[in-house]
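In what follows, a structure is listed as structure tokens, so that the remarks can point back to it.
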Amino acid sequence: LCIPRELPLTIQSCVLPKDCQVTEWTNWSSCSKTCVDLESPRGNRTRRRQVLQFPVGEDVECPLLEETESCEPQGGSVPPCASYTWRTTEWSDCRVDLLLSQQDRRRSNMTGLCGGGLQTREVYCIQANAELLKYLNNLKEKDKGKAETICNSSDETCVRNPCLPKSWAKI
């Protein structure tokens, strides 16, 4: 007695919702700052995690996958950072020929410059603490050699002396 065209649906598609699943956090990365810098003492370190299961339905999003925090370089012998500064030569004598060469040569009358001229100097960017860094690196290499010599010269166990950086003591 019912009209077949108006038969109600007996089946329809649907979504089984699933939450986002992520891995555990990785360990924190090393600090991006590996040297001591008084002007910018802090660096950053990061940890990450990955998506194991993307969310389905319900408009649910995954939590953050990366975290960053500020950090300072760690360790007892963190070297100072290289620093740079400008250095210049002395000014040259005041010269007019530099200005004359810039004038339009098509004009036959070279006009006077009313006493003006140009001075030049050279400018260099140099590493300001290069000698300090070289000295500290040499000390580090010397201490490394001493420690290896002392520790390899006998069968006794050697430990690092926490009171004297880069030195070794026998126990």
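Nothing fancy with the numbering, it's 1 onward along the sequence.
- No donor-acceptor pair closer than 3.5 Å links the side chain of Ser32 to the backbone N or O of Gly43.
- Arg121 and Glu90 are not joined by a salt bridge, as no carboxylate oxygen comes within less than 4.0 angstrom of a charged side-chain nitrogen.
- Taking CD of Gln127 as the reference point, atom OG1 of Thr85 lies at 11.5 Å (rounded to 0.5 Å).
- With a 6.0 Å radius and a threshold of 12 heavy atoms from other residues, nucleotides or ligands, Trp91 has its CH2 atom above the threshold.
- The backbone N or O of Arg48 lies less than 3.5 Å from a partner atom in the side chain of Thr26, making a donor-acceptor pair.
- Panel note: side chain Gln119, backbone Ser92; a donor-acceptor pair is recorded below 3.5 Å.
- Distance check: Ser83 OG to Ile126 CD1 gives 9.0 Å after rounding to the nearest 0.5 Å.
- Closest approach of Ser70 and Asn44 over heavy atoms only: CA-OD1, 3.8 Å.
- In plain terms, the two heavy atoms of Trp86 and Val123 that are nearest each other are CE3-CG1, 3.3 Å.
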What side-chain donor-acceptor pairs closer than 3.5 Å can you find for residues 4-24, not counting sequence neighbours?
residue : atom : partner : partner atom : Å
Thr23   : OG1  : Gln50   : N            : 2.9

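- Residues Trp28 and Glu67 approach most closely at CZ3-O, 3.6 Å, considering heavy atoms.
- When every heavy atom of Pro73 is checked against every heavy atom of Cys31, the shortest pair comes out as N-SG, 4.1 Å.
- A distance of 7.5 Å separates CZ of Arg45 from OG of Ser29, quoted to the nearest 0.5 Å.
- The CG atom of Asp93 sits 13.0 Å away from the CG atom of Leu118 when rounded to the nearest 0.5 Å.
- Clustering ILVMFWY residues whenever any of their side-chain heavy atoms sit less than 4.5 angstrom apart, transitively, puts Leu65 in a cluster other than the one holding Trp25.
- The local environment of CZ in Arg87 is sparse, with at most 12 non-hydrogen atoms from other residues, nucleotides or ligands closer than 6.0 Å.
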